[in-house]
There are 2 protein chains.
Amino acid sequence: MPKKLYSDIYDTLKDEINKQVYPPRNTLPGEEDLAARFDVTRNTVRRALKELQSDGLVYAVKGRGVVVLEPIRDDKVVFTADNNIGFEGLKKFPQNKFIQELSTEVLSFEEVEVDERIEKITSFNAGDKAFYIERLRLFDGNALVVDNSYFRKSMLKDMTVEDAKSSIYQYIRDNNLFKIAAERSTTTVESATKRDMQVLDIDDMNCVGVLTKFVYTDTGSLFEHTQTRYVPNNFSMVDFKSF
Amino acid sequence: MPKKLYSDIYDTLKDEINKQVYPPRNTLPGEEDLAARFDVTRNTVRRALKELQSDGLVYAVKGRGVVVLEPIRDDKVVFTADNNIGFEGLKKFPQNKFIQELSTEVLSFEEVEVDERIEKITSFNAGDKAFYIERLRLFDGNALVVDNSYFRKSMLKDMTVEDAKSSIYQYIRDNNLFKIAAERSTTTVESATKRDMQVLDIDDMNCVGVLTKFVYTDTGSLFEHTQTRYVPNNFSMVDFKSF
DNA sequence: GAGTGGTCTAGACCACGGT
DNA sequence: CCGTGGTCTAGACCACTCC
């Protein structure tokens with residue numbers, strides 16, 4: 001019972017690419033042919049092909065066709081930019097099954113007023129109320145990640161420490177507050193601060209990876225600013241783009 | 001003289017968003033209205049809106065409208081995933097104007113046969129011939145980046161050390177060999193190796209950022225595998241996604 | 001010249017949000 | 001209920017690649 005045609009076509013083609021029905025470096029059948037095969041219009045086929053391209057499986061060349069890209073042997077991937085919305089998402093990643101236990105410890109939970117310094121960091125407006133939350137993430141008992149977050153208070157009604165301890169995004173969903181629209185992030189490597197050395201199991205390393213993330217609600221408001229600081233040698237992030 | 005309608009609409013709307021004709025947290029006019037205004041069909045408007053969304057400027061909510069997202073105060077960005085195709089691209093980034101001088105030093109240049117170890121790293125096929133190139137990148141005389149690259153030899157005709165020293169991508173363009181189709185990359189933070197400490201100006205830091213990159217040609221072949229290893233505190237990468 | 005993907009039109013029906 | 005964006009059809013013309 002197909003709900004979305006382009007999504008069915010996407011799934012089918014993806015499957016056939018994996019099964020080497022269309023081997024790497026070959027082209028897929030033309031868009032017209034695919035349209036005939038799936039009994040849809042060319043536009044709908046094109047939509048499916050666009051998804052495949054943004055996945056990095058194929059690449060369209062005008063005048064030649066849609067080329068199947070050679071596969072890459074993937075390493076274990078723990079972090080991806082996608083699952084950073086909610087630490088809880090990590091549990092669902094199949095590559096992560098060697099992780100037995102994930103837990104979170106809330107180190108700080110305070111209400112602050114956004115001053116100039118915080119405004120500069122978070123892009124919130126000075127004078128706003130915000131929650132500042134520092135959370136330590138434990139992987140099989142190892143403190144590998146610490147999150148420094150600011151959340152706009154006005155959008156969280158009366159969230160408590162317990163809510164923050166489990167999952168803030170769960171709290172938002174349960175109370176039907178709003179939906180998450182988008183996130184912008186930057187990745188850097190920085191020298192470890194004293195605080196990092198204090199709370200993280202960082203051994204003798206003196207740097208951390210830093211993922212700085214801005215999260216938007218579906219009403220266009222900046223809602224969250226989080227700095228995720230993580231111990232080296234444990235995480236990787238994946239990305240794909242075409243030209 | 002418009003060549004691509006959706007691109008004109010994109011530019012116009014982007015400009016108007018920046019000028020706060022449509023302020024943050026407000027919605028744009030409906031797609032029908034925009035279609036009427038630009039004298040195109042709704043599909044063409046939608047195409048422009050999709051670009052704006054993938055830029056992170058707006059977000060579409062069914063039943064409500066296309067919401068303008070609040071802007072973020074951007075930090076200086078040196079690296080972006082986009083300009084990693086070719087070190088030379090860095091020079092063009094306006095944020096980088098404080099860098100006076102960029103230069104490259106070729107530390108190694110050898111022809112190798114892909115064995116099992118290299119196959120595992122690069123996803124090339126065992127038995128292929130490849131160039132192994134190690135290049136040191138100097139920023140105002142500071143060795144901040146070292147690139148470890150493998151290139152499939154069969155696609156480079158008879159490239160010389162001099163070609164590699166200036167720009168391999170320039171060489172490919174000049175000789176009209178092929179086009180670059182896509183790139184897949186992963187970002188990690190790793191302990192610095194002895195080699196890193198040897199060639200990089202890393203001071204007392206013992207970690208490096210690592211950008212691992214696979215590059216495809218427009219015929220679907222994996223062509224390049226590069227590990228970019230960089231000194232902390234100097235680079236950042238930006239990313240945006242919507243849900 | 002034949003075949004490919006890229007752009008665009010002019011309609012249609014649906015699901016969802018706010019009233 | 002009405003207006004919004006989401007999906008889809010059935011055409012058309014163009015630019016490019018390859019033979």
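The structure presented is a predicted model; accordingly, all values stated were derived computationally and were not measured.
The phosphate of D/dT9 has OP1 or OP2 within less than 4.0 Å of a side-chain N or O from A/Thr44.
Spacing between atom CG of B/Asp218 and atom P of D/dC16 amounts to 15 Å, rounded to whole angstrom units. Atom CZ of A/Phe178 and atom P of C/dC16 are 21 Å apart (whole Å). Look at CG on A/Asn43: it is 16 Å from P on D/dG6, rounded to the nearest Å. In this structure, CZ of A/Arg64 is placed 14 Å from P of C/dT4, rounded to the nearest angstrom. Atom CG of B/Asn26 and atom C1' of D/dT4 are 16 Å apart (whole Å). Rounding to whole angstrom units, CG of residue B/Leu28 and P of D/dG3 are separated by 19 Å. When the C1' atom of C/dT9 is taken as reference, atom CD1 of B/Ile9 falls 13 Å away, rounded to whole Å. Atom CZ in B/Phe38 sits about 13 Å away from atom P in C/dT9, given to the nearest Å.
The side chain to side chain contact (heavy atoms under 4.5 Å, CB included) check on B/Asp39 picks up nothing, with sequence neighbours excluded. Evaluation of the side chain to side chain contact (heavy atoms under 4.5 Å, CB included) rule for A/Thr212 yields A/Thr186, A/Val210, A/Phe214, A/His225, A/Gln227 as partners, not counting sequence neighbours. Scanning for side-chain hydrogen bond (donor to acceptor under 3.5 Å, both in side chains) contacts around B/Arg37 gives B/Glu16, B/Tyr22, with sequence neighbours left out. For the side chain to side chain contact (heavy atoms under 4.5 Å, CB included) test, residues two or more places apart in sequence or in another chain that qualify with A/Ala60 are A/Gln53, A/Val66. Qualifying side-chain hydrogen bond (donor to acceptor under 3.5 Å, both in side chains) partners for B/Glu111, counting only residues two or more places apart in sequence or in other chains: B/Lys153. For A/Glu51, the side chain to side chain contact (heavy atoms under 4.5 Å, CB included) partners are A/Tyr6, A/Tyr10, not counting sequence neighbours. Every residue two or more places apart in sequence or in another chain that forms a salt bridge (Lys or Arg N to Asp or Glu O under 4.0 Å) with B/Arg46 is listed here: B/Glu31. Considering only residues two or more places apart in sequence or on other chains, A/Asn148 meets the side-chain hydrogen bond (donor to acceptor under 3.5 Å, both in side chains) condition with A/Tyr132. Residues passing the side-chain hydrogen bond (donor to acceptor under 3.5 Å, both in side chains) test with B/Ser221, sequence neighbours excluded: none.
Bending across the helix from C/dG1-D/dC18 to C/dG18-D/dC1, expressed as the angle between its end axes from five pairs apiece, amounts to 10° (10° rounding).
Across all strands, B/Arg46 comes closer than 4.0 Å to base atoms (heavy-atom distances). Backbone-only contact: B/Lys179 has heavy atoms under 4.0 Å from sugar-phosphate atoms and none from a base.
You'll find the side chain of B/Leu57 stays beyond 4.5 Å of the side chain of B/Val68, heavy atoms only. At least one side-chain heavy atom of B/Leu156 sits under 4.5 Å from a side-chain heavy atom of B/Phe131.
Within residues 10-17 of chain B, no residue has any heavy atom closer than 4.0 Å to DNA chain C.
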At a cut-off of 3.5 Å, list every protein nitrogen or oxygen paired with a nitrogen or oxygen from nucleotides 13-15 of chain C, distance to 0.1 Å.
none

